[in-house]
Amino acid sequence: MNSPFYSEWRHVFKLDPDRPIDDDRLAAVCSSGTDAILVGGSSGLTFDNTVDLLSRVRRFETPCALELSDPECGVPGFDGYFIPMMLNTDRGEWIARRQAEALRDYGRLLPWEHVAGEAYLVLNPDSTAAKVTGAKADLSAAEIAAYAQVADRLWRAPVVYLEYSGTFGDMATVRSVRGQLTQARLFYGGGIRSAEQARQAALSAHTVVVGNVVYEDLEAALSTVDAVINSAKEQDHVF
Ligand code: 1GP
């Protein structure tokens, strides 16, 4: 079996189709040396704004994947698709119901060799993602580890995503989760606003996702790319 499309990704910029980004900023982000552009957001995604962003990113060679949380936004032509499944919510619609409805309607159209389930743990209670999904985000380290095992060992999800969106997470917890995973790849996202935070995240997770800072401080955003790639090289050298 071929390696999954995301298996080498260390650094990813996440862009939100619902947030304006001018051509210069988009060019800088896409030409930064990042491994991929991930298109996704917690609200305001439509078919039209998703197509628009994809077509603009396509002017560059950087791979581009979509987090497909709303089947209405199922735009063809991405290099890969992640289907988010929420771990820490009591609302079943976010665990499997919406996904089942999407597959009922669109499953036969999906390029399955480029599709991966993404088991999400939303850990910032103030984030839009937590509010939209009703996530119980205030978890102890032991609870986080247990949810990660559900995803990795029981669901065999290929990706576990620790989502601290908007706030920088606890790296000791992130490292501990990575150490317990048996087959899943660990994505970390949340609150990275500097090269140093990016470096710490790269030492803790397999893949580092950088979002908001792209829109707020481009220079800081761009500095995260080298920080992650260099940290990855250091680790490869050591191990
Ligand atoms: C959001 O995990 C990503 O889904 C990145 O988080 O926007 O806080 O960088 P930030």
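When reading the values below, keep in mind they use all heavy atoms of this one structure, side chains included, and skip hydrogens, waters and symmetry mates. Ligands are counted one by one from 1 in listed order, and the atoms in each one are counted from 1 as well.
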Colleague: Could you tell me which non-hydrogen atom of Val159 sits nearest to which non-hydrogen atom of Ala184, and how far apart they are?
Modeller: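 The answer is N-CB, 4.4 Å.
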Colleague: For residues 14-71, pull every pair meeting ring pair (Phe, Tyr, Trp, His ring centres under 6.0 Å), keeping only residues two or more places apart or in separate chains.
Modeller: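 Ring pair (Phe, Tyr, Trp, His ring centres under 6.0 Å) check on residues 14-71 returns no pairs.
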Colleague: For Asp79, enumerate each residue passing the salt bridge (Lys or Arg N to Asp or Glu O under 4.0 Å) test, keeping only those at least two apart in sequence or located in another chain.
Modeller: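 Testing Asp79 for salt bridge (Lys or Arg N to Asp or Glu O under 4.0 Å), a comparison that skips the adjacent residues, returns Arg58.
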Colleague: Apply the side-chain hydrogen bond (donor to acceptor under 3.5 Å, both in side chains) test between Lys136 and each candidate in Thr89, Asp90, Asn88; give the one that qualifies.
Modeller: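 Testing each of Thr89, Asp90, Asn88 against Lys136, the sole residue satisfying side-chain hydrogen bond (donor to acceptor under 3.5 Å, both in side chains) is Asp90.
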Colleague: With a cut-off of 3.5 Å and sequence neighbours excluded, list every side-chain donor-acceptor pair involving residues 221-232.
Modeller:
{"residue": "Ser223", "atom": "OG", "partner": "Ala220", "partner atom": "O", "Å": "2.7"}
{"residue": "Thr224", "atom": "OG1", "partner": "His11", "partner atom": "NE2", "Å": "2.9"}
{"residue": "Thr224", "atom": "OG1", "partner": "Ala221", "partner atom": "O", "Å": "2.6"}
{"residue": "Asn230", "atom": "ND2", "partner": "Asp226", "partner atom": "O", "Å": "3.2"}

Colleague: Would the distance check show the side chain of Gln183 and the main-chain N or O of Ala157 forming a donor-acceptor pair, the cut-off being under 3.5 Å?
Modeller: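 Yes; judged by distance alone, with no hydrogens or angles, the pair exists.
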Colleague: Got the residues with a heavy atom under 4.0 Å of ligand 1, by chain and number?
Modeller: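 Contacts of ligand 1 under 4.0 Å: Lys14, Tyr161, Glu163, Ser165, Gly166, Gly189, Gly190, Gly191, Val209, Gly211, Asn212.
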